[in-house]
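Here's the structure, in structure tokens; my notes come after.
It should be emphasised that the depicted structure is a prediction, and the values quoted were computed from it without experimental measurement. Along the sequence shown, residues carry numbers from 1.
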Amino acid sequence: MNTSIKVQGSKFKWAAIFVVSALVTLIAGGNADAMLTAKANHDHITIDFFYHGSTVGVRGISDAGRDLVVKITSPEGHQVLKKKGKVGGVLWMNVGMLKFENTPNFYEVFSTKKVDEILEATERERHTIGYAALAKHVEIGPVANAEEKAQWFNEFVKFKESANLYKSDFGTIEMKDLPDGHQEYYIQTQWPYQAAPGEYLVSVYAVKNGKVVEQAESHVKVEQVGMVKTLAGMARDSAALYGFLSIGIALSAGFGVGMVFRKGGGSH
């Protein structure tokens, strides 16, 4: 009886070792191709009196043969735009307000090829990649139907693009084959001064056979510093004091300019 117990215990021991070994092999094999990395090389942008935009580069490594998509977005939020239309068939005036929900104030997408050529529609919508996917994700109201929603979304995108806050481009990601069989990528974008302070998410997607197979993330922080931060905080928290200070600065500047011109006029 003891011999039987020992034999069964030995079999259980070897079975357990086999299962653990198989799991380790499976996990290792599953991660063997997980090479996607992402790093923003200018991940802390400071806004001072001399700030007029910056640049942000995103660099990383991926498996060979992958198409890539780089998306940079601000947190989603609520935006309101004035709706213009003709009144009486003559004058263009404000005729209402349009509310945009689930909308990023900043949205940039770069890809190795056109996103609709490398990604299935379901994948684009799942990861909100491209204007078509963003249009389905955003809620706009009040609108009468889908056609009107599409019309106002297109106008919204044009407005954001004119402010350098939205961008969609392909073929601008630099790719370089590495000796180990992987590939290095790099993309640089002009960071607009119109982008508000806050945390921005950089998402990089590796694509194969129409699907996202890997994803990596990095972050960009935009922050006001020095006197700009002090004045912005005062405008937010002490509007009355900020108003008086602004008036005082304007009067002082006007008085100074007047004195300069007065002296200049007296010398002739």
Side-chain angles (χ1 to χ4, degrees), residues 34-45 53-63 65-79 100-139 153-154 156-175 183-222:
M35 283 297 300
L36 185 63
T37 62
K39 173 62 179 176
N41 67 353
H42 193 181
D43 57 1
H44 187 197
I45 298 174
S54 186
T55 60
V56 169
V58 181
R59 186 186 301 274
I61 295 173
S62 72
D63 289 322
R66 302 286 196 263
D67 281 304
L68 297 174
V69 177
V70 178
K71 184 178 72 172
I72 309 176
T73 59
S74 65
E76 294 180 355
H78 167 84
Q79 299 184 55
F100 292 76
E101 304 288 352
N102 307 326
T103 312
N105 185 53
F106 185 89
Y107 181 87
E108 289 191 342
V109 173
F110 306 95
S111 53
T112 50
K113 301 173 186 173
K114 292 182 179 180
V115 292
D116 57 354
E117 293 180 356
I118 61 176
L119 272 173
E120 298 175 357
T122 53
E123 289 290 281
R124 298 197 304 270
E125 292 171 14
R126 179 178 296 115
H127 299 282
T128 321
I129 297 175
Y131 286 157
L134 184 62
K136 290 189 175 183
H137 181 72
V138 170
E139 297 179 8
F153 176 80
N154 291 336
F156 176 77
V157 168
K158 289 178 184 178
F159 169 72
K160 288 294 187 180
E161 286 182 335
S162 67
N164 299 315
L165 294 171
Y166 272 35
K167 188 174 185 179
S168 180
D169 203 0
F170 66 94
T172 53
I173 300 177
E174 299 177 12
M175 308 290 288
Q183 59 186 9
E184 182 181 37
Y185 69 89
Y186 179 73
I187 178 71
Q188 179 173 288
T189 180
Q190 294 294 322
W191 192 265
Y193 69 87
Q194 297 94 330
E199 294 278 351
Y200 293 78
L201 177 63
V202 180
S203 303
V204 182
Y205 306 91
V207 179
K208 183 179 181 181
N209 297 328
K211 297 186 180 298
V212 172
V213 293
E214 288 184 80
Q215 182 176 344
E217 294 181 350
S218 185
H219 294 85
V220 174
K221 182 177 182 180
V222 181

Pairwise side-chain contact, [X] with [Y], heavy-atom cut-off 4.5 Å (strictly under):
X      : Y      : answer
Leu119 : Val212 : yes
Glu108 : Tyr166 : no
Glu214 : Asp63  : yes
Arg66  : Val213 : yes
Phe110 : Lys71  : no
Val58  : Asn41  : no
Arg59  : Glu184 : yes
Val69  : Thr112 : no

Taking atom types as modelled, find out whether [X] and [Y] have a side-chain donor-acceptor pair closer than 3.5 angstrom.
X      : Y      : answer
Thr103 : Glu76  : no
Gln183 : Tyr185 : no
Asn105 : Ser74  : no
Glu161 : Tyr131 : yes

Please find the pair of heavy atoms, one from [X] and one from [Y], that lie closest to each other, and give the distance.
X      : Y      : result
Leu68  : Ala206 : CD2-CA, 3.9 Å
Leu201 : His219 : CD1-NE2, 3.6 Å
Ala195 : Phe106 : CB-CD1, 4.1 Å
Ala40  : Val220 : CB-CG2, 4.0 Å

Can you tell me how far NZ of Lys39 sits from OG of Ser218, rounded to the nearest 0.5 angstrom?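 The NZ atom of Lys39 is 5.5 Å from OG of Ser218, to the nearest 0.5 Å.
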Does any N or O in the side chain of [X] come within less than 3.5 Å of the main-chain N or O of [Y], such that one atom is a donor and the other an acceptor?
X      : Y      : result
Thr37  : Gly60  : no
Tyr107 : Gly130 : yes
Ser111 : Phe170 : no

For His127 and Tyr205, I'd like to know if the aromatic rings sit close, meaning centre-to-centre distance below 6.0 Å.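 Ring centroids of His127 and Tyr205 are less than 6.0 Å from each other.
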Chi angles and distances behind the side-chain contact (heavy atoms from CB on, under 4.5 Å) call for Ile72, Thr189: CA-CA 10 Å; Ile72 309 176; Thr189 180; 4.1 Å; yes
Please step through side chain to side chain donor-acceptor pair (under 3.5 Å) for the pair Ser54 and His42, ending with a clear verdict. CA-CA 9 Å; Ser54 186; His42 193 181; 3.1 Å; yes
Can you list the steps and then say if Phe156 with Gln79 is a side-chain contact (heavy atoms from CB on, under 4.5 Å)? CA-CA 10 Å; Phe156 176 77; Gln79 299 184 55; 4.0 Å; yes
